[in-house]
Amino acid sequence: MAAILCCQPATVVRAEQHWAFQPLSDPAPPDVHDSAWPRVDVDRFLLAKVEEQSLHPVGDADRYTWLRRVSFDLTGLPPTVEEIHAFEADQSPQAYDQVVDRLLDSRAFGERWARHWLDLVGYADQVGTSNDVFAQHAWRYRDYVIDAYHDDKPFDRFIREQIAGDLLPHDSLEQRAANLVATGFLVLGDIEIVEADKAKLHVNIIDQQVSKVGKAFLGMTLDCARCHDHKFDPVSQHDYYAMAGFFHSTSSVFKTDRGVWSDVNLHDLPETEAQQAARAERERTHADRVAGLKQEHEQAEQRQAALDMQLENKDLAKDVRDELTKERDEQASRVKQLKHEIEHAQFFAPTVPKVHGVRDVENPSDMKITIRGNPRALGDEVPRGFLSVVADQRPEIKQGHSGRRELADWIASQDHPLTARVAVNRVWQKLFGEGLVRTVDYFGVPGESPSHPELLDYLATQFKRNGWSQKRLIRSLVLSRTYGLDNTHDERAHAVDPDNRWLWRANRVRLDAEALRDAMIFVSGKLKPPTGGPAIALEFPENVGNINSGNVNPPSFSLKKWRPGQEFERTIYLPVIRSGAQPGPATLRNVFDFPQPSQFTGQRATTAVPTQALFLMNSPVVKEHAAALAARMQEEAADDSQRLQVLWLTLLNRPITGPEESESTSFLTAAGDGAWTELCHALLASNEFLMRM
């Protein structure tokens with residue numbers, strides 16, 4: 001969007017007066033005619049807009065629809081049959097609240113909402129896109145984000161840790177470790193580490209960091225001002241380099257001793273005494289293993305040499321020579337294999353845990369303007385500072401510091417007009433299908449204005465008052481009456497508001513790639529408990545190349561071998577690759593709009609193309625899930641009638657209807673062997689399973 005917007009003609013409206021740059025208001029919920037309809041204050045803002053159009057919301061969704069909706073939105077997984085029955089049985093006024101609290105407390109909530117944030121970060125388990133270089137420790141940042149959502153880390157703290165975690169004080173070793181891990185936000189993007197011109201690499205990394213901070217936290221395209229003043233927004237080139245100065249004074253990569261290559265900085269993580277003791281035990285076990293491999297390697301070399309000597313005898317009979325040659329070749333192959341295993345074991349020897357992150361440079365300084373982005377064509381030096389449209393002060397930066405902590409404090413301050421608005425709008429979009437501001441990544445002048453500006457400010461103000469708690473915000477929204485509306489069509493309302501901007505009904509939303517894949521595994525009964533840890537199985541030597549220190553290229557990965565059971569892990573724990581299609585168990589991502597991980601994506605595209613239907617019909621993996629689901633149904637109930645009841649609750653999360661049961665029974669009778677697998681496959685590929693209604 002940034003590239004397109006910057007090429008449009010300038011607006012004649014004073015950009016400084018744009019709504020997004022104005023201080024937050026604190027509006028009171030409006031009066032409405034139907035005062036009995038709202039359940040919470042959010043409903044009053046929404047109903048007031050609907051009533052202005054002389055409309056009224058449609059009816060409430062039934063309990064089955066609501067439970068499926070909130071389960072997918074909060075955890076990315078459907079409700080279980082047991083959870084459906086428990087919700088059916090609970091007719092108390094607290095039934096909905098208890099469901100929401102259970103979902104928010106689950107680990108699955110952190111896994112689901114972390115993926116939304118990782119889209120914004122451009123996260124991958126790969127450094128850059130060249131030569132398949134693995135980001136060995138990237139998974140720690142992924143797990144940090146999961147923990148942050150699971151633990152409901154205050155969003156202002158979340159901001160500070162990711163921009164300046166290495167500079168923050170800490171109360172414990174665990175907090176210090178989390179602070180360091182969080183700064184992976186700034187370096188786990190598409191950094192082109194093969195760039196030979198290190199000055200160019202430096203300014204390009206700075207540009208990426210400015211862009212990421214601007215989009216993720218401020219909803220602004222700051223990178224538009226790298227070479228010239230922003231064409232619409234009140235962001236001057238001077239503003240860009242004032243912000244860039246913080247990252248100019250930050251070290252993100254270093255040049256390796258392998259040709260022109262660079263690599264992302266590493267931090268050693270602090271360890272508790274228990275962690276140190278556990279590592280020492282791993283080191284002892286590892287040393288014994290390496291010693292055993294070396295001994296075996298020496299024996300294999302000796303045997304190979306002995307066989308070579310025997311083969312020098314020209315008087316050997318042919319059958320003897322053939323047998324010795326075969327053994328010699330086997331020993332030669334084993335010598336080569338053991339050599340690689342030893343190199344691999346030594347390369348991945350247990351060590352102090354490490355993480356990708358940033359640190360201040362030795363002599364922090366302000367940045368000079370790079371004319372047309374050329375690091376060797378320099379203009380004026382610009383003092384480090386903030387965007388002048390929302391801050392007219394220059395931060396006081398301690399001598400010898402980059403100022404990233406001051407930058408983080410400014411972005412996370414109570415007075416910043418953008419940060420809370422952008423954050424609550426992102427949450428709204430994930431729950432309602434569209435943001436109050438539909439351009440969720442861009443709050444600039446050409447972006448869309450909010451459909452409900454007073455509601456946006458109300459939510460942002462409440463968000464800060466409630467300690468920047470994302471769980472409290474989400475809880476308040478999913479317990480609103482508006483969230484619980486049905487998605488039925490109303491001709492009169494559609495004629496007035498065809499895009500449903502006033503939310504007179506619920507929006508139907510297709511499951512994204514992760515929710516679809518995870519749900520298929522979940523309903524088949526195969527989903528593994530969460531494990532965390534590295535996504536790429538680097539422990540297998542066949543998955544690693546170029547680890548010899550004499551190689552000019554950096555260590556690289558392949559995905560020739562997967563861990564047993566890895567195909568049944570939640571999608572967030574699978575490798576994310578930039579240099580090609582998503583591999584192996586994550587193939588479904590390639591078909592269902594997984595964003596390019598080289599970009600920063602706040603809202604995914606949603607397409608409907610034939611390849612998606614073809615994938616669901618023909619994919620061997622989907623067929624395997626169908627077979628596993630069919631086998632599970634055989635164990636769940638004693639006869640087909642009961643199995644059909646369970647199947648519909650398991651898959652579509654509602655009771656089967658009479659016509660559906662009749663048609664399914666007829667199909668099972670007529671189809672014979674494999675009928676249950678075919679029925680399960682048809683339902684897995686159905687629109688109803690694909691949709692969050």
Side-chain angles (χ1 to χ4, degrees), residues 125-127 130-137 139 256-259 261 263 266 276-354 531 533-567 575 577 579 583-585:
D125 296 283
Q126 177 180 5
V127 180
S130 300
N131 284 42
D132 293 334
V133 179
F134 52 79
Q136 183 179 351
H137 311 287
W139 63 272
T256 71
D257 55 3
R258 295 182 179 228
W261 292 88
D263 202 357
L266 293 175
Q276 289 175 345
R279 176 166 57 83
E281 181 58 34
R282 290 196 301 273
E283 288 172 345
R284 285 191 291 271
T285 302
H286 179 79
D288 291 342
R289 176 173 175 265
V290 171
L293 288 171
K294 288 182 175 179
Q295 182 179 10
E296 187 179 354
H297 180 264
E298 182 180 355
Q299 291 170 347
E301 281 189 323
Q302 291 172 352
R303 179 58 181 160
Q304 180 186 347
L307 290 166
D308 284 335
M309 289 183 63
Q310 291 182 51
L311 286 167
E312 290 178 2
N313 184 352
K314 300 187 183 304
D315 297 327
L316 289 174
K318 183 179 183 304
D319 58 339
V320 175
R321 180 175 295 279
D322 289 346
E323 189 66 28
L324 291 175
T325 300
K326 179 183 177 182
E327 185 184 356
R328 191 272 313 274
D329 292 345
E330 290 173 349
Q331 289 298 325
S333 176
R334 183 59 179 154
V335 166
K336 183 178 179 180
Q337 179 185 353
L338 285 166
K339 182 173 183 285
H340 185 55
E341 289 183 10
I342 292 167
E343 287 180 342
H344 177 273
Q346 291 174 329
F347 187 89
F348 290 103
T351 184
V352 174
K354 299 180 184 298
T531 56
I536 301 175
L538 298 175
E539 65 269 26
F540 299 134
E542 52 265 63
N543 285 347
V544 183
N546 298 334
I547 55 177
N548 188 303
S549 59
N551 199 306
V552 70
N553 289 315
S556 62
F557 68 89
S558 63
L559 292 163
K560 297 176 182 177
K561 185 174 181 180
W562 296 81
R563 297 187 190 101
Q566 198 168 6
E567 69 271 26
I577 306 303
S579 55

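In this text the structure is predicted, and so the values were computed from the model without any measurement.
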Going through the distances and angles, do V133 and Q126 end up as a side chain to side chain contact (heavy atoms under 4.5 Å, CB included)? CA-CA 6 Å; V133 179; Q126 177 180 5; 5.5 Å; no
Checking the side chain of Q566 only, and the main-chain atoms of A535 only, is there a donor and an acceptor separated by less than 3.5 Å? yes
Is a side-chain donor or acceptor of N543 paired with a backbone partner of F557 at a separation under 3.5 angstrom? no
Pairs where residues 336-345 contributes a residue and the test side-chain hydrogen bond (donor to acceptor under 3.5 Å, both in side chains) is met, not counting sequence neighbours: R334-Q337, Q337-E341, K339-E343, E343-N548
Sub-4.5 Å side-chain heavy-atom contact between E539 and R563: yes
So, for [X] and [Y], which heavy atoms are closest and what is the spacing to 0.1 Å?
X: G584; Y: W562; result: CA-CZ2, 3.6 Å
X: L538; Y: V544; result: O-CG2, 3.6 Å
X: W261; Y: V552; result: CD1-O, 3.5 Å
X: P575; Y: P583; result: O-CD, 4.4 Å
X: E283; Y: T351; result: OE2-CA, 4.5 Å

R284 with D288: basic N within carboxylate O range, under 4.0 Å: no
With a 4.0 Å cut-off, would you call E323 and K326 a salt bridge? no
Would you give the length of the straight line joining atom [atom1] of [X] to atom [atom2] of [Y], rounded to the nearest 0.5 angstrom?
X: L559; Y: F134; atom1: CG; atom2: CZ; value: 12.0 Å
X: L266; Y: Q136; atom1: CG; atom2: CD; value: 8.0 Å
X: R303; Y: Q331; atom1: CZ; atom2: CD; value: 7.0 Å
X: S556; Y: N546; atom1: OG; atom2: CG; value: 4.0 Å

Mind checking side chain to side chain contact (heavy atoms under 4.5 Å, CB included) for Q346 and listing every partner two or more places apart, or none if nothing turns up? V290, K294, I342
For residues 304-314, run the donor-acceptor check on the side chains, cut-off 3.5 Å, and write out each pair with its distance to 0.1 Å, sequence neighbours left out.
| from | atom 1 | to | atom 2 | distance (Å) |
| --- | --- | --- | --- | --- |
| D308 | OD1 | R328 | NH1 | 3.0 |
| N313 | OD1 | D315 | N | 2.9 |

Going through the distances and angles, do S579 and D132 end up as a side-chain hydrogen bond (donor to acceptor under 3.5 Å, both in side chains)? CA-CA 7 Å; S579 55; D132 293 334; 2.6 Å; yes
